[in-house]
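Here's the structure we're looking at; comments come further down.
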Amino acid sequence: MKCTNIHRYTNTQELLKNMNNVFVYCEIENTTVAEVSQELLTKGRSLANELGVQLHAVVAGTGIKGHVEAQILPYGVDKLFVFDAEGLFPYTSAPHTDILVNLFTQEKPQICLMGATVIGRDLGPRVSSSLTSGLTADCTQLEIGDYDDKKAGKHYDQLLYQIRPAFGGNIVATIVNPDHRPQMATVRSGVMQKKVLDENYKGETVYPNLAQYVQPESFVVKVLDRHVEEAKHNLKGSPIVVAGGYGVGSKEGFDLLFKLAKELHGEVGASRAAVDAGWVDHDRQIGQTGVTVHPKVYIACGISGQIQHIAGMQDSGIIISINTNPDAPINKIADYVIVGSVEEVVPKLIKYYKNK
Ligand code: FAD
């Protein structure tokens with residue numbers, strides 16, 4: 001195949017100078033668009049509104065035409081680029097990197113968002129280093145704001161504030177990228193809230209010719225087999241979370257929390273200290289290096305409330321803390337505090353809800 005127009009990552013920032021739209025890279029599993037991508041489309045729409053530009057999205061897969069459009073456009077996407085060809089699913093690094101590098105060179109977006117997933121963590125750095133644009137990983141907030149570079153005596157309008165915990169979570173850093181485009185950020189699943197803008201949103205869909213974006217040799221890696229683990233629980237989507245910390249004291253202590261969660265039709269979460277102690281599986285860890293949850297009710301049992309834990313649950317509706325220490329930091333953000341031990345309080349709650 002003869003490939004013309006393909007840029008092999010030789011583009012400099014000169015080519016990206018114009019500041020256009022906001023782009024979201026949409027991840028897929030077969031023909032299903034990932035939730036994290038829909039969360040980022042919602043965020044991308046509000047950023048685009050603030051900037052007065054369009055929201056664009058890109059998705060690449062195999063046999064996706066006709067399946068993905070309705071999962072993406074209603075989030076307020078003005079233009080959707082669908083790359084549909086053999087070899088684009090399952091994801092491999094080189095073809096997807098080629099697509100984004102060449103598409104961004106052509107479209108010159110000012111912002112690109114993608115999930116801080118296994119794919120996003122592979123793809124984002126490849127694209128940003130190819131375009132020498134920089135990237136902030138695992139952002140917890142994204143905002144638009146101005147920036148004064150006092151040293152250089154320069155003022156910048158409407159940059160992307162890429163906000164994330166830094167230095168072990170002890171400070172919250174706001175990172176800006178004044179001179180390079182696109183401003184790239186990854187965000188973990190569950191951090192942003194997804195919301196359909198309009199089921200009938202009229203966005204344009206284009207199906208570019210893959211040969212103009214990807215070199216044949218980029219398909220050098222072939223996925224021969226995949227093993228996909230079924231999710232064991234629905235912690236992220238559960239309206240009630242019973243979370244345990246180091247104060248739970250043992251694996252048996254967690255059995256109590258599972259019993260309470262069962263009575264409440266909720267799920268069990270944990271702090272990192274409880275996970276590190278081996279009392280509960282890592283996929284139940286809530287916080288900066290675990291999952292982010294937004295339940296209606298969050299019951300924190302024996303959790304002190306360090307900043308890294310709070311980062312993953314602070315947007316819960318009602319927070320109830322059960323802790324022997326009345327001055328535990330989590331009590332400051334809790335709506336209700338029960339001062340007492342997990343062993344004493346949780347069995348009473350189980351008994352109460354059993355009899356309801
Ligand atoms: P502790 O801080 O030890 O608190 C135990 C609490 O239980 C205390 O408040 C105590 O008063 C109470 N207690 C004791 N006995 C009882 C009892 N019998 N009944 C009731 N209460 C009792 N942590 C996370 O949770 N999630 C993360 O994603 C995360 N990421 C991190 C990332 C980095 C880079 C770093 C440096 C740390 C991270 N941490 C994370 C760890 C975090 O800093 C804390 O160490 C951890 O959250 C503490 O867990 P804990 O509250 O269960 O334990």
Side-chain angles (χ1 to χ4, degrees), residues 36 115-118 121 136-141 162-173 175 186-192 233 235-236 238 241-261 266-295 298-316 319-352:
V36 65
T117 58
V118 172
R121 288 185 171 127
T136 305
D138 287 3
C139 292
T140 49
Q141 262 174 281
Q162 301 156 51
I163 303 167
R164 56 152 297 156
F167 296 107
N170 293 318
I171 63 159
V172 176
I175 295 159
T186 65
V187 178
R188 284 191 299 131
S189 172
V191 172
M192 306 290 171
H233 53 74
L235 176 59
K236 264 188 351 190
S238 177
V241 171
V242 179
Y246 202 67
V248 170
S250 63
K251 214 172 175 37
E252 293 67 40
F254 263 87
D255 291 343
L256 276 181
L257 304 196
F258 278 101
K259 277 189 192 147
L260 178 59
E267 284 288 356
V268 171
S271 73
R272 178 155 141 184
V275 171
D276 287 349
W279 302 335
V280 66
D281 289 342
H282 176 258
D283 60 4
R284 292 188 185 268
Q285 182 178 315
I286 292 167
Q288 189 190 322
T289 42
V291 296
T292 302
V293 294
H294 309 269
Y298 189 89
I299 308 176
C301 307
I303 293 179
S304 60
Q306 300 305 312
I307 188 168
Q308 296 91 350
H309 184 79
I310 285 176
M313 48 64 72
Q314 61 197 347
D315 293 332
S316 303
I319 299 170
I320 302 168
S321 165
I322 303 169
N323 202 302
T324 44
N325 177 5
D327 299 321
I330 195 153
N331 296 351
K332 290 201 180 77
I333 62 157
D335 299 279
Y336 300 96
V337 175
I338 303 173
V339 179
S341 73
V342 170
E343 310 85 274
E344 179 198 343
V345 178
V346 175
K348 286 184 183 161
L349 290 175
I350 295 168
K351 197 169 161 203
Y352 176 80

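Values reported hereafter were calculated over all heavy atoms of this structure, with side chains retained and with hydrogens, waters and symmetry mates removed. Every number for a ligand or one of its atoms is a count from 1 in the order of the listing.
Ligand 1 places these atoms under 4.0 Å from at least one heavy atom of Y246: 3 (O), 50 (P), 52 (O), 53 (O). For ligand 1 and S341, the ligand atoms under 4.0 Å from any heavy atom of the residue are 18 (N), 19 (N), 20 (C). Atoms of ligand 1 lying under 4.0 Å from at least one heavy atom of G245, given by number and element, are 52 (O).
Remark: ligand 1 and A274 share no N or O pair separated by less than 3.5 Å (distance only, no angle test). For a threshold of 3.5 Å applied to N or O pairs, the pair formed by Q306 and ligand 1 contains no separation below that value. In terms of polar-atom proximity, defined here as any N/O pair under 3.5 Å, G302 does make such a contact with ligand 1. Taking only nitrogen or oxygen atoms, main chain and side chain alike, T289 reaches within less than 3.5 Å of ligand 1. Considering backbone and side-chain N/O of A270, none are found under 3.5 Å from N/O of ligand 1.
The backbone N or O of P326 sits less than 3.5 Å from a side-chain atom of N331, completing a donor-acceptor pair. A distance-only check finds a donor-acceptor pair linking the side chain of T186 to the backbone of D138 [under 3.5 Å].
Using a 4.0 Å heavy-atom cutoff, C301 is absent from the residues neighbouring ligand 1.
Under the salt bridge (charged side-chain N to carboxylate O under 4.0 Å, His left out) criterion, D276 pairs with R272, sequence neighbours left out.
Atom 21 (N) of ligand 1 has its nearest heavy-atom neighbour, among V346, V248, T324, in T324. Here atom 50 (P) of ligand 1 lies nearest to S271 when heavy atoms of S271, P329, G253, A328 are compared. With atom 43 (O) of ligand 1 as the reference point, the heavy atom nearest to it among Q288, Q308, Q285 is part of Q308.
In I307, neither the side chain nor the backbone holds a heavy atom less than 4.0 Å from any atom of ligand 1.
Results of the side-chain contact (heavy atoms from CB on, under 4.5 Å) test with I320 over L349, I338, V337 single out I338 as the only residue that passes. Under the side-chain contact (heavy atoms from CB on, under 4.5 Å) test applied with V241, the options I299, V268, I286 reduce to a single match, I286.
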Donor-acceptor pairs under 3.5 Å, side chain of residues 246-253 to any protein atom, not counting sequence neighbours: which ones?
from : atom 1 : to   : atom 2 : distance (Å)
S250 : OG     : E252 : N      : 3.4
S250 : OG     : G253 : N      : 3.0

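Among protein heavy atoms, atom 26 (N) of ligand 1 sits closest to I286 O, 2.8 Å.
Interatomic distance, CD of Q288 versus CD1 of I310, reported as 12.0 Å (0.5 Å rounding).
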